[in-house]
Amino acid sequence: QLLIKRERVDLVPLVADTVELARPLSADQGIRFERPATTLAVRGDRRRLQQVLLNLIANGLQHGASQRGLDVRVGAERDAILVQVTDYGSGIPAEHREQVFDRFYRVGAHGGGAGLGVGLFLVKAIITAHDGTIDVDSTDGHGSTFTMRLPLQLEAA
């Protein structure tokens with residue numbers, strides 16, 4: 001069980017700060033950030049959520065197409081906050097999509113990539129500890145979008 005601190009966290013400035021922190025990693029690729037004009041808060045661990053975002057951004061930059069960069073979006077859907085990280089790389093082959101969040105699983109192990117296979121496993125564990133979900137939508141040759149959904153914290157709560 002992952003230990004997380006529970007405090008009110010506005011995800012919009014957290015994502016904005018994390019994108020700025022990650023910009024040096026992007027070199028010539030660029031990171032575009034689409035932000036809502038509203039407060040979208042969760043009850044969670046600021047440090048752990050930033051860890052998730054940095055992992056998804058670093059993965060997207062590593063596996064994305066350098067000339068297309070990366071898109072990061074924050075929005076709301078009913079009672080959830082959505083954070084999406086989209087890269088425009090080669091995508092995740094269909095036969096690997098179900099396993100990308102498994103411990104020690106590496107798509108690159110089958111196609112020549114680097115990594116230990118624990119990053120996305122840890123991402124999923126942190127999001128699950130926040131009562132959220134994460135999934136990936138990917139098309140071979142057209143990139144991947146990782147979408148995390150976290151429970152929206154109402155103003156009065």
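All values reported here derive from a predicted model rather than from experimental measurement. Because only heavy atoms are used, hydrogens play no part in the values below, and waters and symmetry mates are left out as well, while side chains stay in.
- Side-chain contact check for L14 versus D10: every heavy-atom pair is 4.5 Å or farther apart.
- With values rounded to the nearest 0.5 angstrom, R23 atom CZ is found 9.0 Å from I57 atom CD1.
- Distance check: T86 OG1 to D71 CG gives 6.0 Å after rounding to the nearest 0.5 Å.
- For L152 against R78, the heavy-atom pair with the smallest separation is CD2-O, 4.3 Å.
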- prompt: Do L11 and L150 pass the side-chain contact (heavy atoms from CB on, under 4.5 Å) test, and can you show the C-alpha distance, the side-chain angles, and the key distance before you say yes or no?
  reply: CA-CA 10 Å; L11 276 184; L150 296 166; 3.7 Å; yes
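- Residues R32 and L70 fail the side-chain proximity criterion, which asks for heavy atoms closer than 4.5 Å.
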query: Would V74 and I81 satisfy side-chain contact (heavy atoms from CB on, under 4.5 Å), going step by step from the backbone distance to the final call?
result: CA-CA 7 Å; V74 179; I81 298 173; 4.2 Å; yes
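- Nearest heavy-atom pair across V12 and F33 is O-CZ, 4.0 Å.
- A distance of 11.5 Å separates CD1 of I127 from CZ of R149, quoted to the nearest 0.5 Å.
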task: Walk me through it: do T128 and T133 pass the test side-chain contact (heavy atoms from CB on, under 4.5 Å)?
output: CA-CA 6 Å; T128 300; T133 62; over 6 Å; no
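- In this structure, L40 and A76 approach most closely via the heavy-atom pair CD2-CB, 4.0 Å.
- Distance CG/L54 to CG/N59: 11.0 Å, rounded to 0.5 Å.
- Under the side chain to side chain contact (heavy atoms under 4.5 Å, CB included) rule, Q50 has a single partner from V9, L21, V15, which is L21.
- Atom NZ of residue K124 and atom CE of residue M148 lie 14.5 Å apart, to the nearest 0.5 angstrom.
- With a 4.5 Å cut-off on side-chain heavy atoms, I31 and L61 count as touching.
- In the hydrophobic clustering of ILVMFWY residues, with side-chain heavy atoms under 4.5 Å counting as a link, V42 and L82 come out apart.
- No side-chain donor-acceptor contact under 3.5 Å links D45 to the backbone of I4.
- Heavy atoms only, all atoms of each residue included: R8 and Q153 are closest at NH1-CG, 3.2 Å.
- Smallest separation of non-hydrogen atoms from L25 and A58: CD1-CB, 4.4 Å.
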- prompt: Passes side-chain contact (heavy atoms from CB on, under 4.5 Å), Q51 versus L53? Steps please.
  reply: CA-CA 6 Å; Q51 180 181 3; L53 292 164; over 6 Å; no
message: Run D87 and R68 through salt bridge (charged side-chain N to carboxylate O under 4.0 Å, His left out) and show every step you take.
response: CA-CA 8 Å; D87 70 61; R68 295 283 311 270; over 6 Å; no
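- The existence of a salt bridge linking R43 and D131 is excluded, since no basic side-chain nitrogen approaches an acidic carboxylate oxygen closer than 4.0 Å.
- The backbone N or O of S138 lies less than 3.5 Å from no partner atom in the side chain of H142, so there is not a single donor-acceptor pair.
- Considering every non-hydrogen atom in both S144 and V136, the closest pair reads CB-CG2, 4.2 Å.
- R73 places no side-chain N or O within 3.5 Å of a backbone atom of V83 that could act as its donor or acceptor partner.
- Note that CG of L56 is 11.0 Å distant from OG1 of T145, once rounded to the nearest 0.5 Å.
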